[in-house]
Amino acid sequence: MDAAIVRTDYRGIALRVVGIVAALAVVVWLVLVIADDGLELFLSQLMNGIGDGVVYASLALALVLIFKTTGILNFAQGEMALFSTYVFWKIAGWPIPVWVAIVITLALSFIGGALIERVIIRPVEQSSPLVIVIVTIGLFLAFNALAQLFFGVDVHALPRFYRFEQWDLGPLTLKSDTLVLVIVLAVECLVLYLLLQKTKVGLGLRTVASNPESAKLVGISVGNMLMFGWALAAAIGALAGILIIPLTPGLNAGSMQAVLVFAFAAAALGGFDSVIGAVVAGLIVGVANALTTQYIDFLDGIELVVPFGLILGVLLVRPQGLFGSKRVERV
Amino acid sequence: MKNRLLIARVLTAVFWGAILVFLLSYPMNNGESDVRLYAQAIYFGIAAMGLNLLTGFNGQISIGHGAFFGIGAFTSAILVQEHGWSFLATVPVAAVLALAVGVVVGFPALRVKGLYLALVTLGLAVVFPDIINKYFVDDGSGQISVRPRYLRAPSWWPSNADAPDQYAFYLALICALLLLGAAFLLIRSRFGRSLIAVRDHEAAAATVGINPAMAKLGAFGISALYAGVAGSLSVLVIGTAEANKATTFNYSIQFLVAVVVGGAATLFGPLVGGYFVVMVQDQVEKFVSSPDKLGPISIPSFLEDFFRGKEIVSPALFGIVLILMMYVMPDGLVGFTKRMYNRIWDARGKARTETPAPVLN
């Protein structure tokens with residue numbers, strides 16, 4: 001063991017104090033706001049926030065999955081999801097049950113994701129991160145334009161595939177939208193957890209993520225694992241798209257860009273290499289956005305300041321994100 | 001060995017000298033739209049040069065330079081259109097303002113690194129249009145147009161090149177040359193070397209007495225200044241300052257593309273990259289609007305019908321060109337040329353003595 005010099009980290013303590021004070025201030029503010037405008041409004045905004053947050057969380061999950069296995073931040077994630085959603089819109093027009101359409105879309109996205117990794121990303125995998133960033137930006141542009149080319153530039157309405165209902169539970173009004181989103185995310189997380197922690201494929205994925213060289217030495221096909229990671233991420237992104245679009249005015253080429261920005265914020269907030277972080281941070285971003293938009297008037301028109309102010313604040317205190325793992329550097 | 005470097009220097013100097021002569025004579029022999037297009041390529045190159053100082057030489061990725069570009073553009077547009085300043089006087093103001101904001105934005109970079117930093121800068125690019133729309137543009141259009149007569153050449157400008165497009169072109173070119181010289185000196189200065197040291201190994205750089213915080217903040221500020229000047233010039237060239245959801249983000253990405261395509265951490269790379277980005281986009285757009293031939297190659301008629309009128313294809317084509325570029329020349333156009341030059345020398349039997357890469361464990 002190397003000898004370590006232990007020093008009191010005054011700056012760290014100061015930052016922590018600032019963080020705690022900020023958190024307390026937020027709580028006080030919320031109490032005041034609830035006392036002012038009533039609990040009902042607050043709860044309905046909270047529900048909206050959770051609904052949005054779940055979608056940000058699922059796209060952030062896809063980003064994190066790719067980042068964990070390949071170290072790539074996939075700029076094209078949102079547009080891949082957009083493309084998948086267009087495919088779903090096409091397939092949903094066929095005379096088949098909607099859940100079959102969903103399964104087909106997810107399967108196609110899975111295959112598509114694997115193909116993208118194998119054909120487009122693999123050749124530059126060894127290059128500098130900058131080169132890879134540019135390639136995913138190229139994908140971003142290409143997918144966005146191809147979606148418009150193949151599916152037209154009009155806005156397509158995509159109906160909900162479940163019944164819209166709302167239940168009054170005291171001051172709380174629960175919409176089926178929120179419920180469906182939360183359940184899907186929970187199932188998604190559970191499946192991911194089981195897959196990553198309890199199966200051999202998941203073990204391989206984690207090995208590749210933590211050390212590709214050693215993974216190779218123990219006989220894991222790194223290439224296949226990376227392909228699998230991309231495929232999984234594409235399917236998760238597709239699911240996020242299918243869920244969110246029915247709640248928006250309709251499907252068009254710009255649909256996923258705002259979502260992607262929030263998902264980026266969530267991924268950074270949670271720490272790029274943490275699945276749990278992506279989920280928690282997605283919810284935080286969603287709720288913070290809904291509440292501040294409702295209650296703070298001067299943010300009207302510049303709502304996006306909230307998620308980014310949030311990630312800036314958190315990253316200043318914890319540069320590795322809320323749940324990310326810290327990197328130790330050797331000289 | 002020395003020979004080879006010398007010849008490379010001479011070749012480079014001759015090449016860029018020829019380019020400079022070509023550029024100087026360009027506005028005299030070409031129509032207004034072409035001149036404006038080239039001026040656009042030049043200010044793109046300036047912004048990319050600045051981003052290259054940050055990303056290429058200091059290793060910090062920013063996807064927010066569209067915002068600094070926008071700060072420059074709106075500073076000039078507002079001062080000229082609403083306060084009656086002469087355009088030239090607004091350029092230094094735009095530069096200083098961008099520098100100041102750049103240093104402020106650079107502060108998170110002292111703690112936040114890599115992708116996290118990229119995300120913080122992305123936030124800047126996303127929030128910037130909203131802030132502009134809310135506080136600086138009244139009609140919500142996200143743009144300020146400047147009356148062409150405010151953008152005319154001043155009276156002392158040589159009268160044989162004082163058409164508005166020629167004025168814009170030459171002014172952009174002069175700025176580009178000055179900033180290129182500044183970048184050249186900067187890279188060779190103590191400060192420039194410290195940027196590179198911090199990029200390569202921050203902890204090691206700190207142990208030899210470099211202050212990484214100074215290096216990082218300085219890099220951020222200077223690169224923002226370049227972007228600000230570029231934005232300011234853009235008002236002169238295209239007559240408007242614009243900031244909406246798409247443009248600021250697109251600019252940010254295009255600058256990054258220009259840096260990487262031209263060659264990160266090279267002096268001339270970003271200028272080449274800026275030219276590439278503007279020209280390829282222009283070519284792709286022209287191709288889509290009349291798809292009968294692609295450069296000298298004529299296109300079969302069934303493909304022609306497929307592409308006709310589908311402007312939407314142009315970003316797709318641009319994206320595909322980008323990906324292909326990265327396959328063929330991952331070290332950018334300038335890096336690729338250097339590599340080819342060395343290969344030609346090696347093919348003549350002068351095998352290079354390679355320094356083996358350090359073994360990392």
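Keep in mind it's a predicted model, so treat the numbers as computed, not measured. Letters A, B, ... mirror the listed sequences (proteins, then strands); counts begin at 1.
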- Cut-off 4.5 Å, heavy atoms of chain B, and the answer for A:L139 is both
- Determine the option with the most heavy-atom pairs under 4.5 angstrom with chain A, choosing from B:V120, B:V257, B:V126. B:V126
Side-chain donor-acceptor pairs of residues 259-267 of chain B under 3.5 Å, sequence neighbours excluded:
{"residue": "B:T266", "atom": "OG1", "partner": "B:G263", "partner atom": "O", "Å": "2.7"}
{"residue": "B:T266", "atom": "OG1", "partner": "B:G269", "partner atom": "N", "Å": "3.1"}

- Task: Select, from A:A142, A:G271, A:A267, the one with the greatest count of heavy-atom pairs under 4.5 Å involving chain B.
- Result: A:A142
- chain B contact via A:F143 - side chain, backbone, both or neither, heavy atoms under 4.5 Å: neither
- By number, which residues in residues 53-63 of chain B have some heavy atom less than 4.5 Å away from chain A? B:T55, B:I61, B:I63
- Applying side-chain contact (heavy atoms from CB on, under 4.5 Å) to B:V105 and not counting sequence neighbours gives B:F68, B:V101, B:L124, B:F220
- Item | Among B:L122, B:I323, B:V321, residue most engaged with chain A (heavy-atom pairs, under 4.5 Å) | B:I323
- Step through the shown structure and confirm whether more than 12 heavy atoms of other residues, nucleotides or ligands are within 6.0 Å of CE on B:M214. no
- Query: Given side chains that start at C-beta, do those of A:V131 and B:Y327 come closer than 4.5 Å, heavy atoms only?
  - Reply: no
- Query: How long is the gap from CE on B:M326 to OG1 on A:T136, to the nearest 0.5 Å?
  - Reply: 11.5 Å
- Task: Side-chain contact test, heavy atoms from C-beta onward, threshold under 4.5 Å: evaluate it for B:D130 versus A:V305 and give yes or no.
- Result: no
- Message: Going by the rule side chain to side chain donor-acceptor pair (under 3.5 Å), which residues pair with B:N133 if we only count those two or more places apart in sequence or in a different chain?
- Response: none
- Message: To the closest 0.5 Å, what do you measure between CD1 (A:I137) and CG (B:L322)?
- Response: 8.0 Å
- Query: Hey, which of A:I120, A:L73, A:L146 has the most heavy atom pairs under 4.5 Å with chain B?
  - Reply: A:I120
- Rounding to 0.5 Å, atoms CG (A:L141) and CG (B:N250) come to a distance of 7.5 Å
